[in-house]
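Order of the sequence lines fixes the chain letters, A, B, ..., with proteins taken first and strands second; residue numbering starts at 1 for each chain.
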Amino acid sequence: MIATLPLTFLLPLAGTLILAFFGARLGARGSAGVGVSSVALAALATALLAHAYLAAPEAQTLTLWRWIAVGDFQPTIGLRLDGLSLTLLGVITGVGLLIHWFAAWYMHGEEGVTRFYAYMNLFVASMVLLVLGDNLLLLFLGWEGVGLCSYLLIGHYYRTAANVRAAFKAFLVTRIGDAFLAIGLFLLFRELGTLDIAELLRRAPERWAAGDPGVELAALLLLGGALGKSAQLPLHTWLADAMAGPTPVSALIHAATMVTAGVYLVARLHGVFLLAPGVLWLTGAIGALTLLAAGCAALAQTDIKRVLAYSTMSQIGYMFLALGVAGFEAAIFHLMTHAFFKALLFLAAGSVIVSCHHEQDLRRLGGLWRRLPLAYAGFLVGGAALAALPLVTAGFYSKDAILWQAFAAGHGELLLAGLLGSLLTALYTLRLIVGIFHGAAGSDGARRAESGKGLAHGLPLVSLMLLSTVLGAWIEPPLAGVLPAPQHGPAGWHLALEVLAGSVALLGIALGAWLFLYRRAWLAERVAQGRGARLWRLWHHGWGFDAAYEGLLVRPYRGLVSGLRGDAIDALGQRPARLAGWLHGALSRTQGGKLRFYAVSMVIGATLILLVMVAAA
Amino acid sequence: MNGVPMAHGLVLAAVLFALGLAGLMFRRNMVFMLLSLEVMLNAAGLAFIVAGTAWGQAEGQAMFLLVITLAAAEASVGLALLNQLYRRFKTLDIDTASGMRG
């Protein structure tokens with residue numbers, strides 16, 4: 001059974017190659033067919049693997065070949081199937097399939113469908129390699145691969161300069177994190193002599209005592225990589241701009257899979273992080289800060305995709321919070337449910353955007369619930385899961401698990417942040433849903449909205465709706481044995497916490513409904529002037545991180561670069577170039593085309609050579 | 001053979017070669033350039049003959065046969081070029097054919 005494991009990334013890779021070489025002949029429909037079916041086959045292979053694994057849960061490794069052999073450094077192309085990688089594999093191929101399918105509807109009639117599917121398939125292949133790699137080098141290969149695909153797909157509509165800038169920004173900012181990760185890998189290899197993950201986790205406690213500065217540094221560097229990829233403070237600024245790509249890209253890459261790679265990395269290397277309590281605390285603190293900061297920013301966005309982007313940062317903040325309190329299982333569980341309901345929200349948003357003739361400004365939408373019933377249902381179910389509506393949604397159970405882990409680990413401040421965050425989540429979710437579907441339509445596009453039709457539009461939405469309800473929470477990731485067991489807090493308190501978390505969510509929903517349904521005029525007045533307007537502007541611009549980076553990093557760097565243009569060293573480098581140019585001019589002037597001049601030159605040259613020979617003899 | 005010292009023969013060859021070379025360098029008419037080339041070739045041939053005779057070796061005469069053959073081939077190619085030059089430019093001035101200047 002394990003032999004089918006490579007198929008999970010080879011099939012999408014084959015899809016990419018077919019689309020790259022024969023895409024022009026396939027046309028748009030054929031390209032979509034190839035793109036969807038390659039992921040469908042990969043999902044089928046995953047289902048077979050999951051079936052076999054759940055019957056006999058035993059971690060297996062499949063080594064395909066030795067990648068590089070340099071002395072002791074012999075990384076392999078090795079795939080590891082265990083509960084953690086299987087969970088991620090299921091999310092990538094399963095949710096990936098639904099999104100690919102939906103994209104066939106979303107991208108219909110757009111240009112560049114072949115390119116889109118080629119990159120999407122390449123993304124799936126890279127992401128599968130990332131989670132299956134049994135050594136950190138292979139993981140890094142996948143890590144860079146998904147970064148590349150993210151860049152390519154954000155810039156899908158490359159004719160608009162702003163989209164290209166957004167893609168460039170995403171690439172650069174995540175690259176900062178990747179540099180940290182690469183240095184972390186160097187450090188781990190130097191200290192432990194291996195990049196094989198299982199071996200690494202075995203050797204780390206032998207090499208380092210808990211809290212050793214060496215392991216703290218290694219964990220900090222790994223965390224840097226995770227922060228960049230997962231859009232956490234302070235490397236989060238790229239995700240909101242990344243919404244420039246097509247909406248299925250946002251659903252797959254910037255909500256369900258790639259941005260959670262950082263969570264996967266920390267969970268996979270939990271042994272290293274558990275040895276570094278300082279960095280583990282930092283992880284939780286950054287998660288808590290991000291979830292609050294991004295939650296506030298989500299309240300003041302006007303683009304529906306940007307609301308969802310900030311919400312994604314906030315939800316990944318929850319996962320980092322869980323990682324910070326060593327609740328690895330809770331983090332992965334939330335990763336899975338978040339993939340379901342956030343993909344649903346993005347696809348529903350995509351449905352609204354296409355139905356309203358590419359209108360995605362909250363102020364220009366409204367009153368659509370009667371016209372777009374399926375998208376409305378998608379937003380209601382996904383929004384309920386996001387806001388953790390008690391008992392019936394998947395999001396409630398996963399978020400509750402995180403809060404319980406924070407409580408059990410005795411981190412009161414993180415628990416408080418989590419509860420406050422769920423209040424914010426409920427508020428911005430309500431604002432989003434009310435803004436799109438209630439009130440009066442703000443534009444012609446919204447008034448002329450036509451609901452999407454067809455299986456490719458409906459089935460992914462309905463499937464994800466089912467997965468976002470309590471049904472999704474029944475999928476229990478088989479993580480026992482891979483990750484440390486969750487902590488058991490004081491008995492009896494769990495129910496109390498559940499009631500507390502549930503009532504906070506309900507309070508948030510009620511407050512949001514009251515504010516956004518019945519107090520709109522009052523709210524609009526508040527944010528129009530004075531302190532409210534200043535707060536709105538601050539949150540609307542994401543706490544001013546972009547402006548700060550622009551002023552502190554980008555502009556000084558640009559100034560430095562333009563100042564250094566034509567410095568002394570450069571001028572020195574210009575000398576040989578100018579000399580070569582001058583010689584070229586002189587020599588080309590001798591090519592006068594006069595035969596007699598050539599003859600005279602030859603005679604003079606021959607005479608000189610003869611003279612030299614005679615003189616030398 | 002005796003009487004004429006080798007040095008005299010070689011000086012004559014050098015003078016002929018220099019005359020031919022000067023003609024090649026300073027005449028603009030292509031007919032005269034070809035003539036000068038012939039003179040130079042024959043000067044070289046004369047040097048071979050003189051040296052071969054002085055040292056009593058037959059290779060000098062053999063080389064002269066090669067030189068004559070070469071001169072014949074050169075004359076045919078040269079005359080074909082001359083023909084083309086005249087057809088294209090209606091003149092025999094070699095300086096008009098300077099289209100390949102750098």
Do B/Met33 and A/Leu595 have side chains that get closer than 4.5 Å, going by heavy atoms?
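Of all side-chain heavy-atom pairs linking A/Leu595 with B/Met33, at least one is under 4.5 Å.
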Crowding at CZ, A/Phe171 (>12 non-hydrogen neighbours, <6.0 Å):
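Counting other residues, nucleotides and ligands, CZ of A/Phe171 exceeds 12 neighbours.
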Within a reach of under 6.0 Å around CZ of A/Phe180, are more than 12 heavy atoms found that belong to other residues, nucleotides or ligands?
no
Residue pairs, two or more places apart or on separate chains, that pass salt bridge (Lys or Arg N to Asp or Glu O under 4.0 Å) and touch residues 16-36 of chain B
B/Arg28-B/Asp93, B/Arg28-B/Asp95
Could you look at A/Val603 and say if it's the side chain, the backbone, both or neither that has a heavy atom under 4.5 Å from chain B?
side chain
Can you name the nearest heavy-atom pair linking B/Leu24 to A/Arg596, along with the distance?
O-CG, 4.3 Å
Suppose we screen for side chain to side chain contact (heavy atoms under 4.5 Å, CB included). Which residues come up paired with A/Ala616, at least two apart in sequence or across chains?
none
